[in-house]
2 protein chains.
Amino acid sequence: MISNKAKYAFRALLAVAAAPEGESLTSAEIARRYNIPHKFLEQILLDLKKAGILDSRRGKSGGYVMLRPADTISFGEVLRIFEGPLAPLPCLSRQSYRRCEDCVSEATCEIRREFGRAYDASRQVLDSRTIGDALADSPYGGNAGQERRLVG
Amino acid sequence: MISNKAKYAFRALLAVAAAPEGESLTSAEIARRYNIPHKFLEQILLDLKKAGILDSRRGKSGGYVMLRPADTISFGEVLRIFEGPLAPLPCLSRQSYRRCEDCVSEATCEIRREFGRAYDASRQVLDSRTIGDALADSPYGGNAGQERRLVG
DNA sequence: CTTTATCTCTACCTGTTAAATAGGGATATG
DNA sequence: CATATCCCTATTTAACAGGTAGAGATAAAG
């Protein structure tokens with residue numbers, strides 16, 4: 001299971017990305033809309049800002065906007081911000097490789113091989129699908145991060 | 001990352017499954033071979049027994065043997081014993097479904113949809129690949145759970 | 001029938017993390 | 001200058017990971 005923190009981050013990102021071009025969204029509004037504890041959400045939005053994904057405006061009529069286009073932000077990237085490495089085994093992580101204490105030979109390790117396959121399969125999805133894709137595929141057809149399509 | 005507990009369980013299972021037909025393997029031997037804390041491993045082996053995967057013999061010259069053939073035991077099944085549901089979101093778990101508090105509409109939830117894809121991809125691997133498969137594909141060509149192949 | 005090697009069971013311990021909660025400080029707008 | 005917002009840090013509570021510890025049950029060997 002992914003953490004609530006990560007899930008709230010996706011909610012927030014999708015909401016900000018789906019907002020009309022140029023309009024900002026406040027943490028309070030997002031929290032209300034999705035029933036997320038407000039102060040907790042603030043921390044999360046701050047993390048997204050520090051990661052260079054969101055930008056913010058302070059003061060009255062402040063709020064959050066996308067800093068990068070939604071279709072350049074993959075689910076994998078966001079997940080890694082909040083969950084750390086996605087690899088199921090330390091020896092499978094490119095970013096933060098660590099040897100397994102109980103491993104006799106990495107090259108022949110069956111566990112590593114099988115989980116490597118599972119990891120590849122899941123990464124294929126998470127690192128290719130973006131926030132923009134998710135909105136575009138949405139029933140309501142959000143269109144953040146790309147040109148507007150004519151509907152009808 | 002999967003827990004050490006689960007990883008140790010796979011080590012143990014693969015070792016027992018790879019043992020010559022009819023021979024049992026002691027927890028001490030497995031612990032020594034893979035540098036796993038012995039008492040911790042004992043708990044794990046007990047869990048595998050309670051799950052109906054391993055059988056055990058007590059007393060001198062005791063040890064563990066497979067209760068079911070290795071090629072009927074998927075990585076997913078074992079993982080679920082030690083990690084609980086594999087679904088990345090509670091609303092994606094068939095076995096222990098739970099609604100997300102912050103979800104407005106499950107049918108249109110972009111998070112659910114995207115993680116559903118990732119989950120499907122990873123489950124495709126974990127629920128189809130078995131301990132027996134993993135040994136068969138091994139460089140050294142273990143052959144537990146199926147007829148012996150001639151190596152020439 | 002005693003010793004010894006094994007599995008079985010239960011309790012406990014320590015550090016880390018999840019999931020908030022709390023309380024203010026900084027800043028922009030009206 | 002009042003208010004609404006974002007910004008930052010500390011604290012709390014519960015659960016969980018990853019063991020450690022000690023004793024009991026059982027079976028084989030001598």
Side-chain angles (χ1 to χ4, degrees), chain A residues 1-12 16 19 23-32 34-65 67 79 81-85 88-90 98 100-102, chain B residues 1-12 16 19 23-32 34-65 67 79 81-85 88-90 98 100-102:
Chain A
M1 298 271 180
I2 72 174
S3 64
N4 276 355
K5 204 167 184 174
K7 192 170 42 163
Y8 295 160
F10 285 115
R11 286 270 183 252
V16 172
E23 279 185 33
S24 70
L25 206 53
T26 67
S27 63
E29 168 59 15
I30 300 170
R32 188 203 56 70
Y34 298 106
N35 196 31
I36 301 172
H38 183 205
K39 296 293 280 182
F40 192 30
L41 179 62
E42 283 189 324
Q43 297 176 21
I44 293 165
L45 290 164
L46 208 49
D47 287 341
L48 287 170
K49 179 179 182 179
K50 283 178 185 157
I53 290 179
L54 289 180
D55 201 1
S56 63
R57 288 201 314 254
R58 291 216 268 203
K60 217 161 182 170
S61 83
Y64 293 89
V65 293
L67 182 55
L79 211 45
I81 293 171
F82 293 95
E83 309 274 39
L89 295 171
R98 261 177 36 241
C100 290
E101 300 296 326
D102 60 326
Chain B
M1 298 272 177
I2 73 173
S3 63
N4 276 354
K5 204 167 183 174
K7 193 168 43 160
Y8 294 161
F10 286 114
R11 286 269 182 255
V16 172
E23 279 186 31
S24 69
L25 206 53
T26 68
S27 63
E29 168 59 17
I30 299 171
R32 189 203 57 70
Y34 298 106
N35 198 31
I36 301 172
H38 183 205
K39 295 294 280 183
F40 193 31
L41 180 62
E42 284 189 323
Q43 295 176 21
I44 294 165
L45 289 165
L46 208 48
D47 287 341
L48 287 170
K49 180 181 181 175
K50 283 177 186 156
I53 290 179
L54 290 181
D55 201 1
S56 63
R57 288 203 314 256
R58 292 217 268 204
K60 218 160 182 170
S61 84
Y64 292 89
V65 292
L67 183 55
L79 212 45
I81 293 171
F82 294 96
E83 309 274 38
L89 296 170
R98 260 179 37 241
C100 290
E101 300 295 325
D102 60 324

Among D:dT20, D:dC6, D:dT26, find the nucleotide with the atom closest to the side chain of B:Arg58. D:dT26
Rounded to the nearest 0.5 Å, how far apart are CG of B:Leu48 and CG of B:Leu67? 11.0 Å
Name the one of B:Lys5, B:Lys7, B:Arg32 that satisfies salt bridge (Lys or Arg N to Asp or Glu O under 4.0 Å) with A:Asp102? B:Lys7
State whether A:Ser56 places a side-chain N or O below 4.0 Å from either non-bridging phosphate oxygen (OP1 or OP2) of D:dC7. yes
Between A:Glu42 and A:Gly59, name the one whose nearest nucleotide on DNA chain C is closer to the 5' end. A:Glu42
Rounded distance (Å) that lies between atom P of C:dT17 and atom CE of B:Met1: 12 Å
Between CG of A:Leu54 and P of D:dC6 the distance, given in whole Å, is 11 Å
Nearest of C:dA5, C:dT29, D:dT20 to any side-chain atom of A:Lys60? C:dT29
Of B:Ile36, B:Leu41, B:Asn35, which meets side chain to side chain contact (heavy atoms under 4.5 Å, CB included) against B:Arg11? B:Ile36
In whole angstroms, the gap separating C1' of D:dT9 from NZ of A:Lys39 amounts to 11 Å
From the list C:dT8, C:dT29, D:dG18, which nucleotide is the closest neighbour of the side chain of B:Phe40? D:dG18
Tell me: CG of A:Asp55 to P of D:dT5, nearest whole Å? 17 Å
So for A:Gln43 and C:dT21, does any side-chain atom that can act as donor or acceptor lie under 3.5 Å from a complementary atom in the base? yes
Nearest 0.5 Å, what's the CD-OH distance between A:Glu29 and A:Tyr64? 14.0 Å
Figure out the CD1/C1' separation between A:Ile44 and C:dA19, and round it to whole Å. 9 Å
Value in whole Å for how far the P atom of C:dA5 lies from CD1 of B:Ile30: 18 Å
Nearest-nucleotide 5' precedence on DNA chain D, B:His38 against B:Phe82: B:Phe82
Rounded distance (nearest 0.5 Å) linking atom CG of A:Leu89 with atom SG of A:Cys100: 5.5 Å
Just verifying a value: how many Å separate A:His38 NE2 and A:Gln43 CD, rounded to the nearest 0.5 Å? 11.0 Å
Near B:Glu83 CD, under 6.0 Å, is it more than 12 heavy atoms from other residues, nucleotides or ligands? yes
So, taking the atom named CD1 in B:Ile44 and the one named CG in B:Leu54, what distance separates them when rounded to the nearest 0.5 Å? 11.5 Å
Spacing of A:Phe82 atom CZ and A:Ile2 atom CD1 [to the nearest 0.5 Å]: 10.5 Å
So which of residues 3-10 of chain B are in contact with DNA chain C, with a heavy-atom cut-off of under 4.0 Å? none
Here the residues of residues 45-53 of chain B within 4.0 Å heavy-atom distance, strictly under, of DNA chain C are B:Leu46, B:Lys49, B:Lys50
Gap between atoms CG and P, on A:Asn35 and C:dA20 respectively (whole Å): 10 Å
Taking atom P of C:dA18 as reference, at what distance in whole Å does atom CD1 of A:Ile36 sit? 17 Å
Do B:Phe10 and B:Leu79 touch side chain to side chain, with heavy atoms closer than 4.5 Å? yes
Any side-chain N or O of A:Ser27 under 4.0 Å from OP1/OP2 of D:dC6? yes
